[in-house]
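In what follows, residues are counted from 1 in the order of the sequence shown.
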Amino acid sequence: MAPVLDPAWQNPYAPSNDERQANLHFVRSFALRRALPGAIVVGIVVVALLVGVALVAWLPALAVLLGASYAWYVRSSTIKFERCGTALGTLMLEEFTASGTAKDRQRLITVLDRLSATFGVDEVSAFIVHDDGYNAALVPNGATLSLFITDAMMADFELIELEGVVAHCLARHRLGLLNRESVAAVAMLSDDARRTLAGPGSAYRADEIAAAAIRYPLGLAGALFKCARQAPGSGSFFTTETYAKWRWVWFNIWSDRATTDLSDLDDVELRALALEEW
């Protein structure tokens with residue numbers, strides 16, 4: 001029997017359109033779920049006002065006004081919530097000090113230009129920032145994107161490892177994760193809510209996309225192992241409360257974790273071990 005190609009087959013190492021769209025729309029659905037308890041309360045009040053029409057003739061008009069007002073409030077607050085992450089790039093520029101040699105900047109730009117073409121991403125500004133922790137992040141900066149990499153990572157990582165880190169960051173964009181992560185970073189949420197919004201296991205998934213794109217998973221694995229074996233100094237940004245809020249946008253989500261947790265898909269050592277098995 002001649003082999004037959006399955007037209008419904010999806011490459012597991014490439015994000016499907018459904019996966020990307022689910023991530024892109026997750027922030028809105030998350031915001032609407034947060035508004036649901038208030039909507040239930042308003043709905044009950046509206047129904048009560050409509051039932052009271054036999055007593056007061058103008059109650060239906062009040063019910064309509066209340067319902068319309070709350071609908072407008074939910075819509076405007078949802079839009080504001082969805083867009084709050086676009087300021088994260090500016091906040092990061094204020095948080096860090098520029099660093100890196102001319103050679104480092106050229107090296108980073110060369111890697112970024114080549115991988116941007118591979119991932120179909122443009123308008124990315126690259127910044128090398130001063131910190132002794134190994135980390136990197138791709139975040140929205142208004143209508144564009146900003147890539148932040150620490151000077152420690154630029155100094156200590158081999159070219160193939162740096163390529164893996166940048167590819168991972170761009171893979172998050174391809175997966176449609178950037179808005180989820182950036183909103184989780186800046187919105188007023190609990191730690192559990194931030195994690196839910198950002199997407200547990202999203203870093204692991206981005207590793208898969210990145211490794212398949214660059215076709216050398218061991219480079220990315222090497223970068224992850226170096227992150228796993230480093231503890232940032234006491235003066236590092238990656239030991240601060242701000243980092244604890246922003247952690248979900250970073251390559252190493254758990255820079256401040258003292259021990260490895262192999263039950264967590266976002267743990268850098270587990271991610272490295274998984275890539276080694278490819």
Under 4.5 Å between side-chain heavy atoms, counting indirect links through other Ile/Leu/Val/Met/Phe/Trp/Tyr residues: same cluster for Phe225 and Leu262 or not? yes
So, does Arg194 use its side chain to make a donor-acceptor pair with the main chain of Ala185 at under 3.5 Å? yes
Mind listing the closest non-hydrogen atom pair of Ser234 and Thr239 along with its distance? O-OG1, 3.4 Å
Please tell me whether Val249 and Tyr134 are part of a single hydrophobic cluster in this structure, the criterion being side-chain heavy atoms less than 4.5 Å apart. no
Would you please say whether a donor-acceptor pair under 3.5 Å links the side chains of Asp131 and Thr150? no
Taking atom types as modelled, find out whether Asn141 and Thr86 have a side-chain donor-acceptor pair closer than 3.5 angstrom. no
Does a salt bridge link Arg172 with Asp207, judged by any charged N lying under 4.0 Å from a carboxylate O? no
Going by ring pair (Phe, Tyr, Trp, His ring centres under 6.0 Å), Phe238 matches just one of Trp246, Tyr243, Trp254. Which one? Tyr243
Whether the side chain of Arg180 engages the backbone of Asn23 through a donor-acceptor N/O pair (distance < 3.5 Å, no angle test) should be reported. no
Does Lys245 pair with Asp191 as a salt bridge, N-O distance under 4.0 Å? no
Beyond-backbone contact of Leu275 with Leu224, side-chain heavy atoms, under 4.5 angstrom: yes
Which value, rounded to the nearest 0.5 Å, describes the distance between Arg257 atom CZ and Asn252 atom CG? 9.0 Å
Please list all pairs passing the salt bridge (Lys or Arg N to Asp or Glu O under 4.0 Å) test where one or both residues lie in residues 21-36, with sequence neighbours left out. Arg28-Glu82
So ring-ring contact (aromatic ring centres under 6.0 Å, His included) across residues 166-204, not counting sequence neighbours, yields His168-Phe251
Phe96 and His130, any side-chain heavy atoms less than 4.5 Å apart: no
Donor + acceptor pair across side chains of Asp192, Ser190 (<3.5 Å): no
Apply side chain to side chain donor-acceptor pair (under 3.5 Å) to residues Asn135 and Ser255 and explain how you reach the verdict. CA-CA 8 Å; Asn135 230 325; Ser255 277; 2.9 Å; yes
NZ/NE/NH1/NH2 to OD/OE distance under 4.0 Å, Glu19 and Arg205: yes
Go through Arg105 and Asp151 one step at a time and tell me if the salt bridge (charged side-chain N to carboxylate O under 4.0 Å, His left out) criterion holds. CA-CA 10 Å; Arg105 287 191 289 273; Asp151 51 6; over 6 Å; no
Checking Val121, Leu138, Ile109 against Leu147 for side-chain contact (heavy atoms from CB on, under 4.5 Å), the one that qualifies is Leu138
Please say yes or no: joined through hydrophobic side-chain contacts below 4.5 Å, possibly via intermediate residues, are Leu32 and Leu189 part of one cluster? no
According to a 4.5 Å side-chain heavy-atom criterion applied to Ile, Leu, Val, Met, Phe, Trp and Tyr, with indirect links allowed, do Leu177 and Val268 form part of one hydrophobic cluster? yes
Using the side-chain contact (heavy atoms from CB on, under 4.5 Å) rule, take Met153 and Val165 through it: C-alpha gap first, then chi angles, then the decisive distance, then the call. CA-CA 10 Å; Met153 180 172 274; Val165 171; 3.8 Å; yes
Using side chain to side chain donor-acceptor pair (under 3.5 Å), reason through Asp261 and Ser263 one step at a time and then give a plain yes or no. CA-CA 5 Å; Asp261 182 0; Ser263 67; 2.5 Å; yes
Name all residues meeting the ring pair (Phe, Tyr, Trp, His ring centres under 6.0 Å) criterion together with Phe148; count only those two or more places apart in sequence or in a different chain, and write none if there are none. Phe127
With distance as the sole criterion, is a donor-acceptor pair present between the side chains of Thr101 and Asp104 under 3.5 Å? yes
Any side-chain heavy-atom pair from Asp264 and Leu270 closer than 4.5 angstrom? no
Tell me whether Lys80 contacts the main-chain N or O of Arg75 through its side chain, where contact means a donor paired with an acceptor under 3.5 Å. no
Donor-acceptor pair, Gln230 side chain versus Cys227 backbone, under 3.5 Å? no
Would you check, one step at a time, whether the test side-chain contact (heavy atoms from CB on, under 4.5 Å) holds for Leu145 with Glu123? CA-CA 6 Å; Leu145 300 173; Glu123 295 190 52; over 6 Å; no
All heavy atoms of Pro15 vs all of Ile209, minimum pair found to be CD-CD1, 3.5 Å
If two hydrophobic side chains count as joined below 4.5 Å and joins carry through other members, does Phe119 share a cluster with Val124? yes
